[in-house]
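First comes the structure, then the notes that go with it.
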Amino acid sequence: MLAWSAAHGRTLPEREAREPWRVLVIEVMSQQTQIARSLQAAVTFCARFPTPQSLAEASPAEAVRAWAGLGYNRRALALRAAAQAIVERHAGRVPADLAALLTLPGIGPYTARAIAARVHGLPVMPVDVNVRRVLGRLLGDADTAAVQALGDAIAGSVARDGPGQAEPTAHPGEIADALMDLAALVCRPRHPDCPACPLEPHCARARSVGQLVGGAAAVAPDRRPRPERPRSTPATPFPRSRRWLRGQLLRELRLAPPGAWLAIEGSRGMHGHTAVREALSALAAEGFVELDEAGRARLAEG
DNA sequence: AACACGGGGTG
DNA sequence: CACCCAGTGTT
């Protein structure tokens with residue numbers, strides 16, 4: 001894998017980040033956003049909030065404004081809460097062990113391991129859908145726990161012993177990057193290029209397909225991703241979804257001068273006055289906005 | 001296990 | 001306009 005990675009792997013700018021807080025911010029952003037955009041956003045965000053403490057001291061409004069254009073705005077609040085936890089429980093420094101990382105708001109199994117491996121060199125594997133696909137195929141049929149266990153075992157093994165006899169050990173982050181590159185370039189969702197894969201001799205899927213067609217030269221594409229979508233109840237058109245309404249309201253509130261109360265009246269898209277009030281109440285309950293006695297709204301300053 | 005959560009990009 | 005993307009938290 002490492003030899004393949006050296007020859008065919010990608011060089012992505014986000015992999016050069018080493019500073020723990022920056023890595024954390026990039027990883028949280030890239031949970032939901034194309035890497036090019038999240039990288040650009042991380043530059044702006046980290047200039048505004050260069051340390052956990054600086055974000056911990058900021059208002060929800062400031063965090064949400066800095067999150068503009070990224071979507072999944074709850075992550076801005078979670079990241080702020082994580083920064084506060086880092087300040088309170090870890091003296092303002094990103095914790096170095098997996099269990100501590102997993103307690104942070106918005107940090108789940110993937111992100112905790114991404115930080116632990118990339119920043120601290122811990123022998124764990126961040127398993128996203130791409131790594132999940134590679135290791136899942138390798139094992140044949142495996143549940144999430146088995147895939148995670150294999151991933152962590154691989155990271156541990158290579159970090160401890162090196163990829164082979166008399167070879168230097170590798171950083172766990174390199175193994176993760178190598179698997180992600182393999183997932184993107186070779187072990188693709190629909191048309192995996194098994195003959196080009198360094199893991200092919202060990203792979204359960206390649207073996208079963210090879211048996212099926214009688215050779216490794218002809219590898220059939222996966223028929224997998226069933227697009228099966230209920231035709232009878234089509235997904236709600238975007239402009240009328242609740243997601244859209246929430247995004248629209250947050251967009252308006254972000255645009256208002258900081259601290260100013262905004263009277264939000266009338267309807268938005270397909271949503272009547274009542275739906276708008278309900279959405280504002282929900283946003284208030286979740287900590288995005290505050291409402292005054294007159295029902296006016298602003299991003300939460302507290 | 002199912003659902004909610006948001007943007008931008010593509011065809 | 002329909003559809004795609006994909007980790008975390010809640011129910």
Side-chain angles (χ1 to χ4, degrees), chain A residues 14 23-42 44-45 60 63-82 85 98 101-118 124-134 136 143-145 147-148 151 176 179-180 183-184 188-190 224-255 268-271 275 278-289 299:
Chain A
E14 65 270 20
V23 172
L24 193 156
V25 169
I26 290 174
E27 288 296 344
V28 168
M29 284 182 173
S30 63
Q31 285 168 5
Q32 77 251 4
T33 305
Q34 262 75 16
I35 195 64
R37 210 155 14 105
S38 65
L39 209 57
Q40 180 54 44
T44 308
F45 194 94
V64 168
R65 281 198 195 89
W67 203 255
L70 286 168
Y72 288 107
N73 297 288
R74 278 175 180 164
R75 312 260 176 223
L77 299 182
L79 186 57
R80 174 173 172 270
L98 192 59
L101 286 165
L102 282 168
T103 68
L104 298 176
I107 308 291
Y110 166 80
T111 308
R113 284 176 174 79
I115 295 164
R118 292 185 190 288
V124 292
M125 182 70 72
V127 177
D128 66 358
V129 283
N130 303 295
V131 174
R132 173 73 175 86
R133 181 173 66 252
V134 174
D143 60 20
T144 298
V147 167
Q148 183 66 68
L179 281 179
M180 290 182 190
R188 298 169 297 229
R190 274 186 285 280
R224 285 303 317 299
R226 345 204 158 275
E228 201 170 332
R229 195 179 309 280
R231 271 234 207 288
S232 49
T233 55
T236 14
F238 193 63
R240 62 188 307 183
S241 72
R242 192 163 50 181
R243 277 155 94 113
W244 177 86
L245 176 58
R246 290 167 56 97
Q248 180 67 30
L249 293 174
L250 240 32
R251 198 150 46 241
E252 291 180 34
L253 290 165
R254 269 198 281 246
L255 224 52
R268 296 293 185 281
M270 307 296 293
H271 300 84
E278 283 173 357
L280 282 174
S281 293
L283 288 171
E286 293 167 55
F288 285 107
V289 314
L299 292 179

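Chain naming here is simple, since letters A, B, ... match the order of the sequence lines and numbering starts at 1 in each. Here the structure is a predicted model, which is why all the values come from computation and not from measurement.
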### Task
Please tell me which of the listed nucleotides, B:dC5, C:dT8, B:dG7, lies nearest to the side chain of A:Tyr110?
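Minimum distance to the A:Tyr110 side chain belongs to C:dT8.
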### Message
Can you tell me which nucleotide in B:dG6, C:dA6, C:dT8 comes closest to the side chain of A:Val129?
### Response
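Shortest atom-to-atom distance from the side chain points to C:dA6.
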Any [X] side-chain N or O less than 4.0 Å from OP1/OP2 of [N]:
X        : N     : answer
A:Thr33  : B:dG6 : no
A:Asn73  : B:dG7 : yes
A:Arg246 : B:dG6 : yes

Do [X] side-chain atoms and [Y] backbone N/O form a donor-acceptor pair below 3.5 Å?
X        : Y       : answer
A:Thr33  : A:Ser30 : no
A:Arg254 : A:Val64 : yes
A:Arg118 : A:Val23 : no

Report which part of the nucleic acid [X] touches: base, sugar-phosphate, or nothing (heavy-atom distance under 4.0 Å, all strands).
X        : value
A:Ser30  : nothing
A:Arg113 : nothing
A:Arg254 : sugar-phosphate

From [atom1] of [X] over to [atom2] of [N], roughly how many Å is that when rounded to an integer?
X        : N     : atom1 : atom2 : value
A:Trp244 : B:dA4 : CH2   : C1'   : 18 Å
A:Arg243 : C:dA6 : CZ    : P     : 14 Å
A:Phe288 : B:dG7 : CZ    : C1'   : 13 Å
A:Arg80  : C:dT8 : CZ    : P     : 21 Å
A:Leu24  : C:dT8 : CG    : P     : 11 Å
A:Met29  : B:dG8 : CE    : C1'   : 15 Å
A:Arg242 : B:dA4 : CZ    : C1'   : 8 Å
A:Leu39  : B:dG8 : CG    : C1'   : 16 Å

#### Entry: Distance, P atom - from B:dG8 to C:dT8, rounded to whole angstrom
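Their P atoms lie roughly 23 Å apart.
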### Message
So, under a plain 3.5 Å distance rule, would you say the side chain of A:Tyr72 forms a donor-acceptor pair with the base of B:dA4?
### Response
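There is none.
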### Query
Just how far is it from atom CD of A:Glu14 to atom CD of A:Glu27, taken to the nearest 0.5 Å?
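Answer rounded to 0.5 Å: 8.5 Å.
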### Query
Between atom CG of A:Leu250 and atom CH2 of A:Trp67, what is the distance when rounded to the nearest 0.5 Å?
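Spacing of CG (A:Leu250) from CH2 (A:Trp67) equals 13.0 Å.
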#### Entry: All side chain to side chain donor-acceptor pair (under 3.5 Å) counterparts of A:Thr111, not counting sequence neighbours
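With neighbours one apart ignored, the set is A:Gln31.
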### Task
Just jot down the side chain to side chain donor-acceptor pair (under 3.5 Å) partners of A:Gln148, sequence neighbours excluded, or say none.
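So A:Gln148 forms a side chain to side chain donor-acceptor pair (under 3.5 Å) with A:Asp152.
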Which donor-acceptor pairs under 3.5 Å do side chains of residues 280-287 of chain A form with protein atoms, sequence neighbours excluded?
residue	atom	partner	partner atom	Å
A:Ser281	OG	A:Arg277	O	3.2
A:Glu286	OE1	A:Arg74	NE	2.8
A:Glu286	OE1	A:Arg74	NH2	2.6
A:Glu286	OE1	A:Arg246	NH2	2.9
A:Glu286	OE2	A:Arg74	NH2	3.4
A:Glu286	OE2	A:Arg246	NH1	2.9

### Task
Report yes or no: do A:Arg251 and A:Gln248 form a side-chain donor-acceptor pair below 3.5 Å?
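Indeed, the side chains of A:Arg251 and A:Gln248 share at least one donor-acceptor pair under 3.5 Å.
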### Query
Residues in salt bridge (charged side-chain N to carboxylate O under 4.0 Å, His left out) with A:Arg80, at least two apart?
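Result, salt bridge (charged side-chain N to carboxylate O under 4.0 Å, His left out) vs A:Arg80: none returned.
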So which protein N/O to nucleotides 9-11 of chain C N/O distances come out below 3.5 Å?
residue	atom	partner	partner atom	Å
C:dG9	OP1	A:Gly106	N	2.5

Filtered N/O pairs between nucleotides 9-11 of chain B and protein, under 3.5 Å:
none

